[in-house]
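As C-alpha cells, the structure follows; a few thoughts come after it.
Here is the naming used below: chain letters follow the sequence lines, and residue numbers restart at 1 for every chain.
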Amino acid sequence: MINALRGMKDTLSPQSEVYQYIIETCTRIAQNYGFSLIETPILEETALFKRSVGESSDIVGKENVPITDKGGNDVCLRPEGTAGVVRAFIQQKFDKAGGTRRFFYHGPMFRYERPQKGRLRQFHQFGVESFGESDVREDATIILMLKAIFDALGIAYTLEINSLGCPACMPKYRTTLVDFLATREGLCEDCERRKLTNPIRVLDCKNEHCKTLLADAPLIVDHLCFTCKEDFGTLKTILDEFGVAYTINPKLVRGLDYYSKTAFEFVSADIGAQSAIAGGGRYDRLVEFLDGKPTPGIGFAMGIERLMDLVKMPQTSRNGYYIGALCNEALSVVFELVDTKRRESKVLTTYEAKSLKNHLKIADKNEAKFCVCIGEDELANNTIG
RNA sequence: GUGAGUGUAGCUCAGUCGGUUAGAGCAUCAGGUUGUGGUUCUGAGGGUCGUGGGUUCGAUCCCCAUCACUCACCCCA
C-alpha cells in the first residue's frame with residue numbers, strides 16, 4: 001500500500017468543508033478591504049527565497065524541498081507566499097508604476113520539517129500583501145482585517161505586537177544587544193548559535209537559565225528612533241480606539257529577515273505548541289532587496305490547518321432529495337427523475353431496488369430534506385410516494 | 001536534525017503475569033416489520049495483533065532492529 005508522504009495529508013469531508021469555509025470567509029473579507037486574488041507559481045527559483053527570507057531562518061537552508069529541473073535550474077517548492085507575490089509585483093513593473101496594490105492569495109506551502117501538531121510539510125496559508133502604503137494606518141487596517149476574519153470564524157485569539165525598528169534604529173539596537181549578550185556567560189547551545197544568526201531571538205529562549213540571564217536585556221521598544229516610536233504609538237492608539245486587545249511583546253521576532261517596524265502575531269491557546277495562527281508585519285525593504293524600486297509593503301499569512309480545529313462552523317440544515325426505487329421495474333423511472341431534479345437541487349440515489357425502510361435510512365443518514373420512493377403503486381398511478 | 005511515547009477489526013480501544021478458535025462499543029450489511037426511517041432486538045461479515053529477526057516446546061505479549069504515527073525541542077503559519 002502506498003501512503004501519502006510524511007507530513008502531507010489528504011483533506012476530505014467534513015474537514016474539506018471547513019477548509020472551504022475558511023477560504024470563502026477570508027476571501028469575502030479581504031475583498032471588502034480592497035484586496036484582489038493573485039495566483040503565483042508553487043515552484044520558484046531557490047534564489048528568490050534565499051534573498052527574501054534570508055539566512056537566519058531555517059525555512060530555506062534546512063527546510064526547503066530542493067529540485068533541479070531539466071534545464072539545470074535550482075528551484076524549490078515555495079516555503080512561504082510573500083516572496084512570490086513580491087516577485088510578481090516587480091515582474092509586472094508595478095513598482096515603477098507606483099500607487100497602491102493589494103493582493104490576497106491562498107494555497108499550499110512546503111517546509112521539510114519534522115511534523116508535529118500544527119506543523120506539516122505541506123500546509124496551506126491564506127495571506128495578503130499590500131504595496132505602496134507606508135502609513136501606519138495600513139498596518140492597523142491589516143490587523144483590523146485579521147480581527148474581522150477571526151471574529152467571523154468564531155476563533156478566540158490573543159494579539160501580540162512589536163516594532164522591529166527601521167534601518168535607522170535596528171542596527172544600533174542590534175549592536176547594543178550583541179554587546180550585552182557578550183557579557184553573559186552560560187547561555188544554552190541554541191542561544192550561542194542564535195547570537196550569530198538572529199540575536200533578537202535569544203530573548204525568546206524558553207530555557208529557564210537563559211531567562212534569568214536575560215532578565216535585564218535591552219529591548220528594541222526602548223531603542224526605537226523617533227519615527228518608529230511615533231508610528232508604533234499611533235498603531236497602539238488606533239487599536240485602543242477600535243477595541244482591539246493586544247499585548248506588547250518586545251521579544252516577538254518575526255521569523256523572516258525581511259520584516260521591519262510593525263510585527264504582529266495572533267496566537268491561540270488551544271492548539272498545542274505551534275500556537276501562532278497568523279503572523280505578519282511590515283517589509284519596507286523587501287521590494288528593493290529583490291531588485292525593485294523601493295516600495296513599502298506589509299502583509300500577513302495565516303496557517304489554515306491551525307485554524308481548522310478552531311473554527312465554529314455555521315449550522316447546516318437538511319437539504320436536497322433522496323430518490324430510490326422499491327422494485328427493479330422502477331429503476332429507470334427513478335434514474336430519469338434524478339437526472340431531471342439535479343438541474344435544480346442536490347439529489348442522491350441508489351441504483352438498486354431496496355425496501356422502504358432501507359431507503360428512509362439512507363435518506364436520513366445523508367441529511368436529505370425529502371425522500372422520494374417509487375414502487376409498483378407509483379408506477380401504476382404515475383405518482384410519487 | 002534531537003528527544004520521548006504509541007502501533008490489536010473501517011473507527012475508538014480492551015486483552016494476554018507467554019498457552020487451544022484474539023474481544024467490546026461504534027460503523028457496515030441482513031432480518032424481527034407484505035409500503036413509513038431515526039429507538040430497540042437478533043444475526044452476519046470484517047484481523048498476516050505495523051514489518052523483519054531473536055529467545056522459547058509455544059510469542060499479539062519478552063528482546064533487538066526497522067518502518068509508520070503522535071507529541072515536544074529547533075524553526076515557524
Output yes when [X] and [Y] qualify as a salt bridge under the 4.0 Å nitrogen-oxygen rule, no when they do not.
X	Y	value
A/R184	A/D216	yes
A/K251	A/E160	no
A/D179	A/R174	no
A/E352	A/K354	yes

Would you mind telling me which of [options] lies closest to the side-chain atoms of [X]?
X	options	answer
A/N358	B/G31, B/G35, B/C75	B/G31
A/Q116	B/U36, B/A30, B/C73	B/C73
A/R119	B/G37, B/G35, B/A77	B/A77
A/K354	B/A68, B/A30, B/C76	B/A30
A/R111	B/C69, B/C76, B/U36	B/C76
A/K365	B/C29, B/C75, B/C76	B/C29
A/A273	B/A77, B/A72, B/C74	B/A72

[N] to [M] separation - [atom1] atoms, rounded to the nearest Å:
N	M	atom1	value
B/U66	B/C71	P	23 Å
B/C64	B/A22	C1'	25 Å
B/G45	B/A30	P	15 Å
B/U36	B/G43	C1'	24 Å
B/U42	B/A24	P	13 Å
B/C69	B/G53	C1'	23 Å
B/A9	B/G5	P	23 Å
B/G18	B/C74	C1'	42 Å

> Given Watson-Crick or G-U pairs with both distances under 3.5 Å, what dot-bracket string fits RNA chain B, with | for other-strand pairs and [ ] for crossing?
Replying inline: (((((((..((((.....[...)))).(((((.......))))).....(((((..]....))))))))))))....
Which whole-number value in Å describes the distance from [X] [atom1] to [N] [atom2]?
X	N	atom1	atom2	answer
A/I155	B/A77	CD1	P	17 Å
A/L203	B/C75	CG	P	13 Å
A/N366	B/U28	CG	P	11 Å
A/E129	B/A77	CD	P	12 Å
A/I23	B/A77	CD1	C1'	13 Å
A/M109	B/C75	CE	P	22 Å
A/E160	B/A77	CD	P	14 Å
A/R6	B/G50	CZ	C1'	14 Å

By the 4.0 Å heavy-atom rule, please label [X] as base, sugar-phosphate, or nothing.
X	result
A/K117	sugar-phosphate
A/N3	nothing
A/I271	nothing
A/L356	base
A/G272	sugar-phosphate
A/E305	nothing

> Have A/T46 and A/D74 got a donor and an acceptor in their side chains that come within less than 3.5 Å?
Replying inline: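 A/D74 and A/T46 do have a side-chain donor-acceptor pair below 3.5 Å.
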> Hey, does A/V18 have a side-chain heavy atom less than 4.5 Å from the side chain of A/M313?
Replying inline: yes
Is there a donor on the side chain of [X] or the base of [N] sitting less than 3.5 Å from an acceptor on the other?
X	N	value
A/E378	B/G35	yes
A/R306	B/C76	yes
A/R194	B/C75	no

> Is any side-chain nitrogen or oxygen of A/Q274 closer than 4.0 Å to OP1 or OP2 of B/C73?
Replying inline: yes
> Under 4.0 Å: is that the gap between some side-chain N or O of A/R114 and OP1 or OP2 of B/C75?
Replying inline: no
> Taking atom CD1 of A/I143 and atom CZ of A/F264, what is their separation to the nearest 0.5 Å?
Replying inline: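 Interatomic distance, A/I143 CD1 to A/F264 CZ, rounded to 0.5 Å: 5.0 Å.
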> What is the distance from atom CD of A/Q125 to atom CZ of A/R306, rounded to the nearest 0.5 Å?
Replying inline: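 These two atoms lie 9.0 Å from each other.
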> Want to settle it: does A/A278 or A/K361 sit nearer the 5' end of RNA chain B, counting the closest nucleotide to each?
Replying inline: A/K361
> A/A301 or A/K9: which one's nearest nucleotide on RNA chain B is closer to the 5' end?
Replying inline: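 Of the two residues, A/K9 wins.
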> For A/E305, which of A/H124, A/Q274, A/Q15, A/R119 qualifies under side-chain hydrogen bond (donor to acceptor under 3.5 Å, both in side chains)?
Replying inline: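 Considering A/H124, A/Q274, A/Q15, A/R119, a side-chain hydrogen bond (donor to acceptor under 3.5 Å, both in side chains) with A/E305 is found only for A/H124.
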>> Tell me every residue that passes side chain to side chain donor-acceptor pair (under 3.5 Å) with A/T262, counting only those two or more places apart in sequence or in another chain.
In response: A/D139
